[in-house]
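All remarks here apply to the structure that follows.
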Amino acid sequence: MINAEIAKIFSEMALLLEMDDVAFKPRAFEKASLSLGSLDEDVRDIYQKGGLKALEKIPDVGGGIAERIEEYVKTHRIRDYDRMKKKVPVDLGGLKSVEGVGPKTIRILWQKLKIRTLQDLEKAAAAGKLRSIPGLGAKTEENILEGIEFVKESGGRFLLGEAWPLANDIERRLAKIPGVAVAVVAGSIRRMKETIGDIDVLVVSRQPEPVMEYFVGMPEVAHVYAKGDTKTLVRLKNGLDADLRVVPKESFGAALNYFTGSKDHNVALREIAIKKGLKLNEYGLFRGKRQVAGRTEEDLYKALGLSYIEPELRENRGEIEASRAGKLPKRLVGYGDLRGDLQVQTDWTDGENSIEEMAAAAAKAGLAYICITDHTKSLAMTGGADEKKLEKQMREIDRINRTFSIQHSAFSILKGAEVNILADGSLDIADRTLAKLDCVGVAVHSHFKMSRAAMTRRIIRAMENPHADILFHPTGRLINRRPAYDVDMDAVIKVAKRTGTILEIDASPERLDLKDEYIRKCVVGRVPMVIDSDAHAANGFGALRYGIAQARRGWAERELILNTRSVVDFLKMLA
DNA sequence: GCCGTTTTCGGCCCGACTGTTTTCAGTCG
């Protein structure tokens with residue numbers, strides 16, 4: 001894929017144009033960059049098939065941008081970019097990653113001090129050279145030094161599974177402050193994005209001061225960036241930023257909508273407002289000075305001619321058009337909808353708790369059935385089960401089931417395994433043993449670095465085994481740590497449809513695999529999925545919420561998620 | 001430079017906070 005390379009150049013061109021105070025073009029290049037970044041098809045293929053005309057069909061790509069894409073496809077260069085870059089030959093991405101440093105600052109740093117890199121900037125700031133530049137001062141210099149320190153120590157985004165519990169705890173504490181009518185987490189956490197850049201919290205209160213005072217004084221706070229009457233920004237000791245806004249209650253809906261984002265979704269809503277002769281901001285929807293909507297999110301969407309859009313869908317990926325046309329999913333899978341969990345590890349292999357302890361914890365979490373899926377023998381480091389150990393575990397599960405469902409009304413423990421897919425696509429457990437299990441999960445755990453064609457062949461062969469029921473964590477990615485293995489997911493989804501193999505949405509926060517874009521493809525192709533916790537300990541079932549969230553972000557309806565069904569219906573589907 | 005439920009020309013999201021200012025630019029979300 002060449003798209004990401006061009007997208008990066010366009011986003012740099014946006015910055016370079018902004019440095020020169022060019023009007024409107026920066027936004028055009030930025031939008032084109034985002035559009036290319038989210039494109040499935042390689043622009044080389046698009047250009048090959050349809051030339052410039054086809055390129056112009058890409059959203060936010062017009063004549064000028066299409067020609068530049070053509071130039072890059074042909075020559076691997078964009079002369080405009082080279083020319084601009086020659087004027088300011090600096091590491092734009094690196095410098096811009098420092099809080100408070102934008103295009104204008106980058107330009108003057110280059111012109112006055114010949115600063116190209118983060119290292120240059122750090123040296124100059126430490127030497128006290130920045131304060132001599134007009135427009136900058138001692139305070140800015142100090143802020144830049146702190147910003148560089150932060151970039152060096154943290155860098156990446158946090159997992160949803162790390163940020164969500166903390167954000168909800170802060171929400172609970174803010175809600176208890178006298179005068180606070182509502183406290184609610186907004187931002188990317190409310191949209192349940194897989195990674196989180198900061199925590200946004202919205203509070204309704206007529207007295208902001210005590211709320212702001214409490215917020216900057218929380219034990220988690222390491223630094224206060226800004227503190228005002230309506231907005232306060234802090235950095236937490238764990239490296240996350242947290243952003244608090246206080247609004248009056250008549251603005252609650254508009255503010256919640258605005259602070260939930262995404263930015264692209266908000267911009268699109270504001271453009272709709274403008275076309276209707278209205279103005280939308282975080283205080284409401286206005287005709288002139290009169291507020292016409294915005295007390296609730298529901299009245300806001302209605303006033304814009306849209307049906308309500310769930311937060312997980314607000315990414316400007318077609319949800320606004322679908323809302324207007326009444327084509328949003330009728331019944332998204334909900335946070336209380338799961339009745340079973342088909343991937344659970346125990347102390348028979350690398351889990352921490354016994355079969356009974358896991359079952360009891362699942363029952364307490366509101367589930368009616370789980371499938372025990374310990375690792376198999378070729379995963380030696382986990383003490384993976386061979387045929388004999390599996391047979392023994394099956395007898396043990398039978399024994400537990402006889403008494404357990406009496407103590408925990410009608411709870412079922414299913415017999416399963418997480419069977420390893422070998423390099424050639426065969427499974428490491430004999431078919432006659434697999435045939436005795438209630439539900440067989442298959443998964444790749446080794447030989448990640450195969451070619452795309454070989455990996456795709458390997459996984460498809462495993463799916464074609466008649467005993468294979470579910471493909472666990474289909475792409476093998478670990479968020480922020482390991483990329484997915486190179487596999488043709490379009491082909492895998494097509495095969496799933498043919499063989500009836502269920503694709504898993506693994507809910508553990510570092511996996512979330514399938515991710516939303518593949519879930520969306522399954523939804524379009526009507527390929528059934530399950531959401532599993534992949535729990536390795538009794539406290540692991542809370543992770544299901546992140547899997548459900550990912551499914552919602554992929555527009556998955558309840559009926560397509562098979563473990564929303566009873567154990568009887570689920571087993572009937574498998575058969 | 002892009003786009004079209006006003007439009008092929010004339011628009012392009014909007015407000016808060018900080019720092020360096022003497023009235024506002026830059027940055028952020």
Side-chain angles (χ1 to χ4, degrees), chain A residues 10 13-15 17-19 21-35 55-69 80 95-109 130-144 146-147 186-188 191 197-202 208 212 224-234 241-247 251 254-255 257-286 294 304-305 316 321 324-325:
Chain A
F10 285 164
M13 287 178 81
L15 280 176
L17 288 163
E18 221 169 310
M19 285 181 192
D21 261 329
V22 177
F24 305 113
K25 290 188 191 181
R27 180 76 183 131
F29 275 92
E30 197 184 310
K31 285 171 86 166
S33 171
L34 284 172
S35 178
L55 290 176
E56 286 183 42
K57 292 230 168 66
I58 301 169
D60 299 315
V61 172
I65 300 257
E67 278 176 22
R68 290 182 173 88
I69 295 174
D80 256 358
L95 294 173
K96 212 185 118 47
S97 68
V98 179
E99 175 84 18
V101 174
K104 299 289 163 63
T105 309
I106 292 174
R107 181 168 81 154
I108 199 155
L109 287 171
L130 302 191
R131 63 186 71 189
S132 64
I133 296 177
L136 305 185
K139 183 74 189 169
T140 304
E141 193 171 81
E142 196 182 306
N143 287 343
I144 285 177
E146 276 186 36
S188 52
R191 302 202 314 281
D198 63 3
I199 295 177
D200 295 293
V201 190
L202 179 68
M212 297 310 190
V224 178
Y225 294 110
K227 177 164 170 278
D229 288 339
T230 66
K231 170 175 168 173
T232 289
L233 228 108
V234 301
D241 286 348
D243 186 353
L244 173 65
R245 314 279 187 132
V246 179
V247 297
S251 299
N257 184 258
Y258 174 62
F259 299 132
T260 297
S262 66
K263 192 170 190 278
D264 285 344
H265 180 87
N266 289 341
V267 169
L269 291 185
R270 287 181 179 188
E271 284 168 357
I272 292 173
I274 290 168
K275 283 184 187 135
K276 290 182 180 292
L278 304 168
K279 184 176 78 164
L280 175 61
N281 59 28
E282 55 262 56
Y283 298 107
L285 184 66
F286 296 91
L304 291 173
N316 200 22
E321 294 77 1
R324 186 185 286 127

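All values derive from a computational prediction rather than experimental measurement. In what follows, chains are A, B, ... by sequence order, proteins preceding strands, each numbered from 1.
Within the structure, every pair that satisfies the salt bridge (charged side-chain N to carboxylate O under 4.0 Å, His left out) test and touches residues 260-283 of chain A, not counting sequence neighbours, is listed here: A:Arg270-A:Glu282.
As rounded to the nearest Å, B:dT18 and B:dT8 have P atoms that lie 45 Å from one another. Taking atom C1' on both nucleotides, B:dC12 is separated from B:dT7 by 13 Å, rounded to a whole Å. Remark: the separation of the P atoms in B:dG26 and B:dT20 is 14 Å, to the nearest Å. Taking atom C1' in both B:dT6 and B:dG11, the straight-line distance is 11 Å, to the nearest Å. Here the separation of B:dG1 from B:dT5, taken at their P atoms, is 23 Å to the nearest Å. When the C1' atom is compared between B:dC13 and B:dT27, the two are found 16 Å apart, to the nearest whole Å. A gap of 22 Å separates the P atoms of B:dT22 and B:dC17, to the nearest Å.
B:dC2 has no base stacking with the ring of A:Phe24 when judged by centroids under 5.5 angstrom apart and an interplanar angle below 30°.
Atom CG in A:Leu55 sits roughly 11 Å away from atom P in B:dC2 (whole-Å rounding). Protein atom CG of A:Leu269 is 12 Å distant from nucleotide atom P of B:dC14, rounded to whole Å. We find that CZ of A:Arg27 is positioned 15 Å from C1' of B:dG11, with the value rounded to whole Å. Across the protein-nucleic acid pair, A:Asn257 atom CG and B:dC13 atom P stand 16 Å apart, rounded to whole Å. As rounded to whole Å, 16 Å separates atom C1' of B:dC3 from atom NZ of A:Lys25. Note: CD1 (A:Ile58) to P (B:dG1) measures 17 Å, nearest angstrom. Going from atom CE of A:Met13 over to atom P of B:dC2 covers 11 Å, rounded to whole Å. When rounded to the nearest whole Å, the span between CZ of A:Phe259 and P of B:dC14 equals 15 Å.
Backbone-only engagement by A:Asp229 is indicated by non-hydrogen atom pairs under 4.0 Å involving sugar-phosphate atoms exclusively. If you check every strand for non-hydrogen atoms under 4.0 Å, A:Gly63 touches sugar and phosphate atoms only. No engagement by A:Lys31 is indicated, since no non-hydrogen atom pair under 4.0 Å with the nucleic acid exists. Note on A:Arg324: nothing from the nucleic acid sits closer than 4.0 angstrom, heavy atoms only.
Applying the salt bridge (charged side-chain N to carboxylate O under 4.0 Å, His left out) criterion to A:Asp243, with sequence neighbours excluded, gives A:Arg245. Applying the salt bridge (charged side-chain N to carboxylate O under 4.0 Å, His left out) criterion to A:Glu141, with sequence neighbours excluded, gives A:Arg131. With sequence neighbours left out, A:Ile108 forms a side chain to side chain contact (heavy atoms under 4.5 Å, CB included) with A:Lys112, A:Ile133.
A:Asp241 and A:Tyr225 share a donor-acceptor pair across their side chains, judged by distance under 3.5 Å alone.
Checking A:Asn281 against A:Asp60, the closest nucleotide of DNA chain B that is more toward the 5' end is the one next to A:Asp60.
Closest to the side chain of A:Ala226, out of B:dC13, B:dC2, B:dT18, is B:dT18. Of the candidate nucleotides B:dC13, B:dG1, B:dG15, B:dG15 has the atom nearest to the side chain of A:Lys279.
Within the shown strands, nothing qualifies as a pairing partner of B:dT8 under the Watson-Crick or G-U definition with both distances less than 3.5 Å.
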Any protein N or O atoms within reach of nucleotides 6-9 of chain B? Criterion: under 3.5 Å, listing atom names and distances.
none

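In this structure a side-chain-to-backbone donor-acceptor pair under 3.5 Å is missing from A:Asn143 to A:Glu146. A donor-acceptor pair under 3.5 Å is absent between the side-chain atoms of A:Thr232 and the main chain of A:Lys227, judged by distance alone.
Partner A:Phe10 forms a side-chain contact (heavy atoms from CB on, under 4.5 Å) with one of A:Leu34, A:Asp60, A:Ile69 and no other, that one being A:Ile69.
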Self-check item: Under 4.0 Å protein heavy-atom contact, by nucleotide of nucleotides 19-29 of chain B - B base, S sugar-phosphate only
Solution: SSS----SSSB
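Looking at A:Glu321 and A:Arg324, no side-chain N of the basic residue comes within less than 4.0 Å of a carboxylate O on the acidic one, giving no salt bridge.
Note: A:Thr260 OG1 to A:Asp200 CG = 8.5 Å, rounded to the nearest 0.5 Å. Between A:Leu136 atom CG and A:Leu109 atom CG the span is 6.5 Å, to the nearest 0.5 Å.
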